[in-house]
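One structure is given below, encoded as structure tokens.
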Amino acid sequence: MIFSSPILALVGDTFRESLSRKIFWGFLGCSTVLILLFLLVLNIDLVEGGVAAVEVFGMEVNQGRTVPVEKLVGVVLGAVAVFFFTAGLFLAIFAAAGLIPTVFEPGRIELLLSKPVSRPTLLLGKFLGTLAVIGVNLFYLVFGVWIILGFKTEIWKTDFLLAAALAMFAFAVLLPVIVFVAVVSDSAVLATMVTYFVALMSLIFSQHERIAPYFDSQWPRDLTKGLYHVFPKLYEIGNTARLVLMERELASWMPLWSSGIFAVVVLGAGVWFFQRKDY
């Protein structure tokens, strides 16, 4: 079904829409600015067998110590991966809110529903098309930073590209929220607000073990822990690339598969509601 011609046609239509609405170019421009900023603010002086200095915004971060290049690159890339994961996800949500909700605008949705395409196929095609638009930009952003650091250090850690894959996965987890809210409310603004709210609450609930001692009774502790398991684990997903680059073991794969379940359930709810909604 995914590779059927209607799906591919909808993916292509979404990509063309992102170009005509300047959403694709806007995301690409923001990504380029971030890449150039990284090029300007990071300065690494190499010596044989180590690093003489690492400066960010003119401030030396290794305090004059000579650090093994391999180790330093892993640490720097880990921190950079988290930053660009967050920045890329922020831009991705904003861009997607300009693509998915527009499908349900009066006049356009009636035209789309008049085509010989089922409602689930229509929604899935737009979903995959939006993923394609955002995916191109996310990989461009991460690949650009990887090229810069590779030329500066002459060390090419391909694990850094995992940051793009993880950002793409995190976006694929949040995109169903945009789809669901857009189907229910027909509002791009509300879809954006709710998605950012889910991302914020995900960050808060990821600290449930630290928050729990501040509650006097047990039920709010259990509630916070329960909500942690329900919400997507964006903090843990973003931290995965850092741990891999620093050659540390992952504590658990639970954040990834549980977030995937969240996405499937919310997307399924969006499709179910869309099939029963009158236009």
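In this text the structure is predicted, and so the values were computed from the model without any measurement.
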Would a 4.5 Å heavy-atom cut-off, applied to side chains only, mark [X] and [Y] as touching?
X: F171; Y: T130; value: yes
X: F139; Y: L161; value: no
X: V194; Y: V177; value: yes
X: V189; Y: M193; value: yes
X: F85; Y: N239; value: no

Test side-chain contact (heavy atoms from CB on, under 4.5 Å) applied to I109 and K277, step by step: CA-CA 12 Å; I109 184 62; K277 188 173 181 179; over 6 Å; no
Would [X] and [Y] show up in the same hydrophobic cluster when neighbours are defined by side-chain heavy atoms closer than 4.5 Å?
X: V184; Y: L99; result: yes
X: L123; Y: V265; result: yes
X: L175; Y: L203; result: no
X: L166; Y: V264; result: no
X: I148; Y: V33; result: no

Using atom types as modelled and distance alone, determine if a side-chain donor or acceptor of [X] lies under 3.5 Å from a backbone N or O of [Y].
X: S202; Y: P232; value: yes
X: K126; Y: V103; value: no
X: E110; Y: G107; value: yes

Minimum heavy-atom separation for [X] to [Y], with atom names?
X: V11; Y: A132; result: CG1-CB, 4.4 Å
X: G238; Y: V82; result: O-CG2, 3.8 Å
X: I23; Y: G98; result: CD1-O, 3.4 Å
X: K233; Y: Y228; result: CE-O, 2.8 Å
X: L10; Y: G125; result: CB-CA, 3.7 Å
X: I204; Y: I211; result: O-CD1, 3.4 Å

Output the distance between atom [atom1] ([X]) and atom [atom2] ([Y]), rounded to the nearest 0.5 Å.
X: N137; Y: M168; atom1: CG; atom2: CE; value: 10.0 Å
X: T102; Y: D186; atom1: OG1; atom2: CG; value: 11.5 Å
X: L174; Y: I134; atom1: CG; atom2: CD1; value: 12.0 Å
X: F169; Y: I237; atom1: CZ; atom2: CD1; value: 5.0 Å
X: I35; Y: L28; atom1: CD1; atom2: CG; value: 8.0 Å
X: F94; Y: T192; atom1: CZ; atom2: OG1; value: 7.0 Å

Mutual orientation of the aromatic rings belonging to F24 and F15 [parallel < 30°, tilted 30-60°, perpendicular > 60°]: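 F24 vs F15 ring planes: tilted.
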Parallel, tilted or perpendicular: ring planes of F231 versus F205, cut at 30 and 60 degrees: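 If you compare the ring of F231 with that of F205, the planes turn out perpendicular.
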Derivation and outcome, side-chain contact (heavy atoms from CB on, under 4.5 Å), residues F215 and T224: CA-CA 10 Å; F215 294 116; T224 304; 3.6 Å; yes
Do other residues, nucleotides or ligands put more than 12 heavy atoms under 6.0 Å from [X] [atom1]?
X: F143; atom1: CZ; result: no
X: Q207; atom1: CD; result: yes
X: R210; atom1: CZ; result: no

Check: E236/S259 side-chain N/O donor and acceptor closer than 3.5 Å: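 Side-chain D/A pair, E236 to S259: absent.
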Ring pair (Phe, Tyr, Trp, His ring centres under 6.0 Å) assessment of F274 paired with F104: CA-CA 10 Å; F274 185 46; F104 309 103; 5.6 Å; yes
From CA spacing to verdict: ring pair (Phe, Tyr, Trp, His ring centres under 6.0 Å), W156, F151: CA-CA 8 Å; W156 303 88; F151 276 113; 5.2 Å; yes
Residue pair L122, L113: steps toward the side-chain contact (heavy atoms from CB on, under 4.5 Å) verdict: CA-CA 8 Å; L122 172 61; L113 292 177; 4.1 Å; yes
Audit row: L34, S31, side-chain contact (heavy atoms from CB on, under 4.5 Å) steps and yes/no: CA-CA 5 Å; L34 287 173; S31 298; 5.6 Å; no
